[in-house]
Participant: 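Take this structure, written in structure tokens, and hold onto it; I'll ask about it next.
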Amino acid sequence: GDVELIGKPYKSIYDYVLKQFSPGIKKTRIAAIGDSLTTDIKGANIAGIDSILVMGGILKDETKPLAELMRDSNAQPTATLPEFNW
């Protein structure tokens with residue numbers, strides 16, 4: 001049968017979430033926040049929305065330069081944050 005992949009970074013999950021917003025909310029007013037280049041940021045790139053990469057998450061102990069990680073994952077955040085707390 002047919003297989004459909006859902007979840008990040010696949011576009012279908014972002015399309016579903018974007019439909020939950022009130023009509024008239026422009027994509028330019030939405031940003032995805034996450035700590036994974038390969039799921040959170042790449043998914044936002046595919047969906048055409050801004051993204052904020054949280055460096056204090058799964059990347060906190062990473063030794064490679066961010067530019068290299070972005071190149072390897074083919075993902076480009078709009079901005080970065082050192083950490084994110086409630």
Side-chain angles (χ1 to χ4, degrees):
D2 294 333
V3 175
E4 182 179 354
L5 300 173
I6 59 171
K8 300 177 290 184
Y10 303 106
K11 189 174 183 310
S12 61
I13 194 63
Y14 288 87
D15 289 342
Y16 173 80
V17 170
L18 291 171
K19 287 179 186 175
Q20 306 309 305
F21 291 115
S22 298
I25 300 279
K26 296 179 181 179
K27 283 186 174 184
T28 57
R29 296 190 40 88
I30 299 170
I33 301 171
D35 66 347
S36 171
L37 282 163
T38 58
T39 57
D40 305 321
I41 306 306
K42 188 170 189 164
N45 292 167
I46 291 168
I49 59 175
D50 287 339
S51 61
I52 302 167
L53 177 63
V54 180
M55 301 301 295
I58 63 172
L59 296 175
K60 70 179 177 185
D61 296 324
E62 181 59 62
T63 58
K64 286 184 181 178
L66 181 56
E68 186 176 337
L69 295 171
M70 290 187 305
R71 186 177 55 250
D72 291 348
S73 64
N74 194 30
Q76 177 74 43
T78 308
T80 61
L81 284 174
E83 59 183 36
F84 188 84
N85 295 313
W86 288 107

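Just so it is clear, the values below take in all heavy atoms, side chains as well, and ignore hydrogens, waters and symmetry mates. What you see is a predicted model; the values in this text were computed from it and never measured.
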Participant: Could I get the full list of side chain to side chain donor-acceptor pair (under 3.5 Å) partners for Lys27, not counting sequence neighbours?
Facilitator: none
Participant: Suppose we screen for side chain to side chain donor-acceptor pair (under 3.5 Å). Which residues come up paired with Lys42, at least two apart in sequence or across chains?
Facilitator: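 Counting only residues at least two positions away or on another chain, Lys42 forms no side chain to side chain donor-acceptor pair (under 3.5 Å).
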Participant: I'd like to check the side chain to side chain contact (heavy atoms under 4.5 Å, CB included) partners of Asp50; sequence neighbours left out, ordered by chain and number.
Facilitator: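 Asp50 satisfies side chain to side chain contact (heavy atoms under 4.5 Å, CB included) with Ala31, Thr78 once adjacent residues are dropped.
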Participant: Name all residues meeting the side chain to side chain contact (heavy atoms under 4.5 Å, CB included) criterion together with Phe21; count only those two or more places apart in sequence or in a different chain, and write none if there are none.
Facilitator: Val17, Leu18, Ile25, Ile30
Participant: Applying side chain to side chain contact (heavy atoms under 4.5 Å, CB included), name anything that partners Leu66, two or more places apart in sequence or on another chain.
Facilitator: Leu37, Leu53, Met55, Met70, Thr80
Participant: Where is the tightest heavy-atom contact between Ser73 and Thr38, given as atom of each residue plus distance?
Facilitator: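 Where Ser73 meets Thr38 most closely, the heavy atoms are CB-CG2, 3.8 Å.
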Participant: Checking Lys60 now: which residues fulfil salt bridge (Lys or Arg N to Asp or Glu O under 4.0 Å) with it, not counting sequence neighbours?
Facilitator: none
Participant: What pairs with Glu83 under side chain to side chain donor-acceptor pair (under 3.5 Å), at least two apart in sequence or on another chain?
Facilitator: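 Here the qualifying residues are Asn85.
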Participant: Hey, what else clusters with Leu5 if you join Ile, Leu, Val, Met, Phe, Trp, Tyr whenever side-chain heavy atoms sit under 4.5 Å?
Facilitator: Val3, Tyr10
Participant: How close do Gln76 and Asn45 get, counting heavy atoms only, and between which atoms?
Facilitator: N-OD1, 2.8 Å
Participant: Can you tell me which residue pairs pass the salt bridge (charged side-chain N to carboxylate O under 4.0 Å, His left out) test with a partner in residues 28-40, sequence neighbours excluded?
Facilitator: Lys8-Asp40
Participant: Can you pull out every side-chain hydrogen bond (donor to acceptor under 3.5 Å, both in side chains) where at least one residue sits in residues 12-25? Sequence neighbours excluded, please.
Facilitator: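 Those involving residues 12-25 are Lys11-Asp15.
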Participant: Search all heavy atoms of Ala32 against all heavy atoms of Ala44 and return the closest pair with its distance.
Facilitator: CB-CB, 3.8 Å
Participant: Distance check, rounded to the nearest 0.5 Å: Ile41 atom CD1 versus Ile46 atom CD1?
Facilitator: 11.5 Å
Participant: Can you name the side chain to side chain donor-acceptor pair (under 3.5 Å) partners of Asp61, sequence neighbours left out?
Facilitator: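 Asp61 satisfies side chain to side chain donor-acceptor pair (under 3.5 Å) with no residue once adjacent residues are dropped.
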